[in-house]
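First comes the structure, then the notes that go with it.
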Amino acid sequence: MSYNDDKRELLKLKQGIITESETIKEENAAADKKHYEVKGFKNKIANFFYLYKWQFVLVLFFTAVAAVLVYSTVSKEKADIRVLVFSGDKVISGDLYYKTHDIELAFEQYTEDFDNNGNVHTDTYYIDVSPQQDGTYYNINQTKLFSEIGLATAQIFLGDKAQLETVLGDQEKSRGFEDLSVMYPDDPQIVDKYYYKIKGSAFAEAARYAESCPDDLYMVIRSNEFSGYAKQDEKTEECHRRALVVFDNIVGDNKINTPDVNP
């Protein structure tokens with residue numbers, strides 16, 4: 001549009017002949033767009049970060065979280081066996097919380113490299129199931145315990161006798177644990193057929209637990225005859241086989257690895 005045309009449009013606006021001019025509006029919009037146009041690569045980058053800085057920060061944050069999770073999953077040691085450590089006794093449970101790492105290292109002395117990856121690792125999972133804790137945490141930990149039992153990856157349990165006697169139901173009916181007295185008839189550490197007493201054993205020495213180990217602490221082996229919570233398949237069969245091998249090494253104090261191998 002020419003200068004004279006613009007002048008006529010403005011005059012009409014002043015005289016009230018028209019209330020607005022589409023032509024002038026479009027030209028102003030085009031002028032504004034041209035006025036705010038960012039030129040130069042660096043300026044465009046700076047403008048982008050200025051306009052979208054919070055979106056960019058959020059993307060970076062979630063990307064970093066995802067990277068950490070992926071790295072943790074990939075770099076996590078693969079366990080040769082899994083052990084459940086739990087107790088319904090408040091004192092014993094508190095003691096086990098601080099001794100779980102030593103117990104894990106002790107198990108690793110008797111554990112073979114079952115998956116042949118050049119690394120021996122026992123995944124020792126502690127769960128506090130003492131009823132004296134907060135009700136919400138007690139219910140959560142009970143759920144964790146029975147979820148673990150349902151998965152059946154852990155075939156070795158370590159805890160106080162009263163808790164072990166009830167965790168898989170009535171032993172005579174459920175046949176939840178291996179009868180250790182049949183497997184090791186002359187071992188003095190075996191109590192009431194199913195329970196291997198930790199106190200006074202070579203395992204307690206390996207766990208640096210000889211002096212402070214409570215009298216009421218036992219180890220049991222889950223039986224393949226127990227049908228509750230999980231279907232027996234090749235995976236559970238292999239977990240059970242490994243548990244029996246490790247337990248046999250413990251009973252015979254047959255250390256496969258020295259503490260220096262797994263510090």
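In this text, all values refer to a predicted model and were calculated from it rather than measured experimentally.
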Evaluate Tyr218 against Phe157 for side chain to side chain contact (heavy atoms under 4.5 Å, CB included), listing each step before the verdict.
CA-CA 8 Å; Tyr218 298 86; Phe157 300 166; over 6 Å; no

Determine whether Asp95 and Tyr209 satisfy the following criterion, side chain to side chain contact (heavy atoms under 4.5 Å, CB included), listing intermediate values before the conclusion.
CA-CA 11 Å; Asp95 194 46; Tyr209 213 9; 2.3 Å; yes

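Looking at Tyr138 and Asp128, their side chains never bring a donor and an acceptor atom within 3.5 Å of each other.
Taking the six-membered ring wherever Trp is involved, the centroid distance between the rings of Phe247 and Tyr196 falls below 6.0 Å.
Checked for salt-bridge contact, Glu237 and Arg241 miss the test: no charged N lies under 4.0 Å from a carboxylate O. Salt-bridge formation is not detected for the pair Lys144/Glu148: no Lys NZ or Arg NE/NH1/NH2 atom is positioned less than 4.0 Å from an Asp or Glu carboxylate oxygen.
Here the closest non-hydrogen pair linking Pro131 and Gly88 is CD-O, 3.3 Å. Heavy-atom minimum distance, Phe86 versus Leu96: O-CD1, 4.2 Å. Considering every non-hydrogen atom in both Ser201 and Lys197, the closest pair reads CB-O, 3.9 Å. Closest approach of Ser93 and Val129 over heavy atoms only: OG-N, 4.5 Å.
Taking NZ of Lys161 as the start and CG of Asp215 as the end, the distance is 13.5 Å to the nearest 0.5 Å.
Using a 4.5 Å heavy-atom cutoff, the side chains of Met219 and Ile250 are in contact.
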